[in-house]
Amino acid sequence: MTGTDGKNMSARALFRVLAIALLSFSLAGCVTTGRGRGQHSSRSLSEEGVKSERQLVSFFMANNPDADKKQVARLARYYISEARMEGINSDCAWVQMCLETGWLKFGGLVKPEMHNYCGLGAISAERPGLSFATEQLGVRAHIQHLHAYATTEDVPLRNELIDPRYKWVLPRGKAPTVRELAGTWAVDPEYGKKLEGLLERLDGTR
């Protein structure tokens, strides 16, 4: 082997190593590694949410900068964990909470201390809605109610049922997407479009 041949082989070997490294880096960039930037929220209620706690909090605080950021972050963690456990889209649940509570400003029948984040049972002054002992249980009830709308009877809950209105969602699975919550969850015909609009804004959050 001449010195030139040795140099050529070394160059080719180096090129192969660099090519493999570049290919590996490229493939890694194509793999979805979990929640984070660049992923778009599904409108399906039974698909996994993709937004991180940081993104949910950032989206919320941009719309209500006076809110207690620690509480918002705590709620975001509850929504992600409770939704994942029941196979519900945490992104959809989060924007619904924002809409139903007026970005946690409330102001209607439901009061903050009720930990009712989706207006469960809120009908009139005499029936202002259900109350839950803690924030996490309030989030759990919300997720469970969405579970009734999004899934059929062959999909059981994993946590103990705490949503008293779960059994009244008939038929089960009648709203698999946020669009179909209009006229079912809420009488407002624009309800689904409002949720979709919020999801679009959430998708723009970095």
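Index from 1, following the sequence. Note that the structure is predicted; figures quoted are calculated from it, not measured.
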Between [atom1] of [X] and [atom2] of [Y], what distance do you get to the nearest 0.5 Å?
X	Y	atom1	atom2	value
S90	M85	OG	CE	13.0 Å
I80	Q55	CD1	CD	9.0 Å
D188	K194	CG	NZ	4.0 Å
E53	S81	CD	OG	10.0 Å
L109	M114	CG	CE	8.0 Å
L198	K193	CG	NZ	14.5 Å

Test item: [X] and [Y] side chains (from C-beta on) under 4.5 Å apart, heavy atoms:
X	Y	result
C92	L195	no
T151	R172	yes
N63	C98	no
N64	V72	no
V57	K69	yes
N159	Q144	yes
E180	K174	no
L75	W94	yes

(message) Just by distance, no angles: are the side chains of H142 and E100 close enough, under 3.5 Å, to form a donor-acceptor pair?
(response) no

(request) State, without any angle test, whether H147 and Y149 hold a side-chain donor-acceptor pair at a distance under 3.5 Å. (result) no

(request) Over 60° means perpendicular and under 30° means parallel, so classify the ring planes of W103 and F60, tilted if in between. (result) perpendicular

Considering all heavy atoms of both residues, which atom of [X] and which atom of [Y] are nearest to each other, and what is their separation?
X	Y	value
V110	G119	CG2-CA, 4.3 Å
P65	A62	CD-O, 4.4 Å
L199	S41	CD2-CB, 4.0 Å
E200	R43	CG-NH2, 3.2 Å
N116	F106	O-CE2, 3.8 Å
F132	L120	CZ-CD1, 4.1 Å

(request) Please test E135 against Y117 for side chain to side chain contact (heavy atoms under 4.5 Å, CB included), starting from the C-alpha separation and ending with a verdict. (result) CA-CA 9 Å; E135 291 175 340; Y117 303 110; 3.3 Å; yes

(message) Donor-acceptor check, side chain of S58 to backbone of R54, threshold 3.5 angstrom: yes or no?
(response) no

(message) Regarding R179 and E196, does a basic nitrogen lie under 4.0 Å from an acidic carboxylate oxygen?
(response) yes

(request) Using a strict 4.0 Å threshold on nitrogen-to-oxygen distance, state whether D203 and K51 make a salt bridge. (result) yes

(request) Kindly indicate, with the supporting measurements, whether the criterion side chain to side chain contact (heavy atoms under 4.5 Å, CB included) is fulfilled by I143 and Y78. (result) CA-CA 10 Å; I143 296 300; Y78 291 148; over 6 Å; no

(request) Please write out which residues are connected to Y166 in a hydrophobic cluster, directly or through intermediates, given that two of Ile, Leu, Val, Met, Phe, Trp, Tyr count as joined at side-chain heavy-atom separations below 4.5 angstrom. (result) L157, L161

(message) Among L56, V178, L202, N89, exactly one meets side chain to side chain contact (heavy atoms under 4.5 Å, CB included) together with V95. Which residue is that?
(response) L202

(request) Mind checking side chain to side chain contact (heavy atoms under 4.5 Å, CB included) for E113 and listing every partner two or more places apart, or none if nothing turns up? (result) K111

(request) Report whether L99 and V139 are members of the same hydrophobic cluster (ILVMFWY, side-chain heavy atoms less than 4.5 Å apart, transitive linking). (result) yes

(message) For residues M61 and Y79: do they belong to one hydrophobic cluster (side chain heavy atoms under 4.5 Å, members Ile, Leu, Val, Met, Phe, Trp, Tyr)?
(response) yes

(request) For a side-chain hydrogen bond (donor to acceptor under 3.5 Å, both in side chains) with R140, tell me which candidate from E86, E82, H145 qualifies. (result) E82

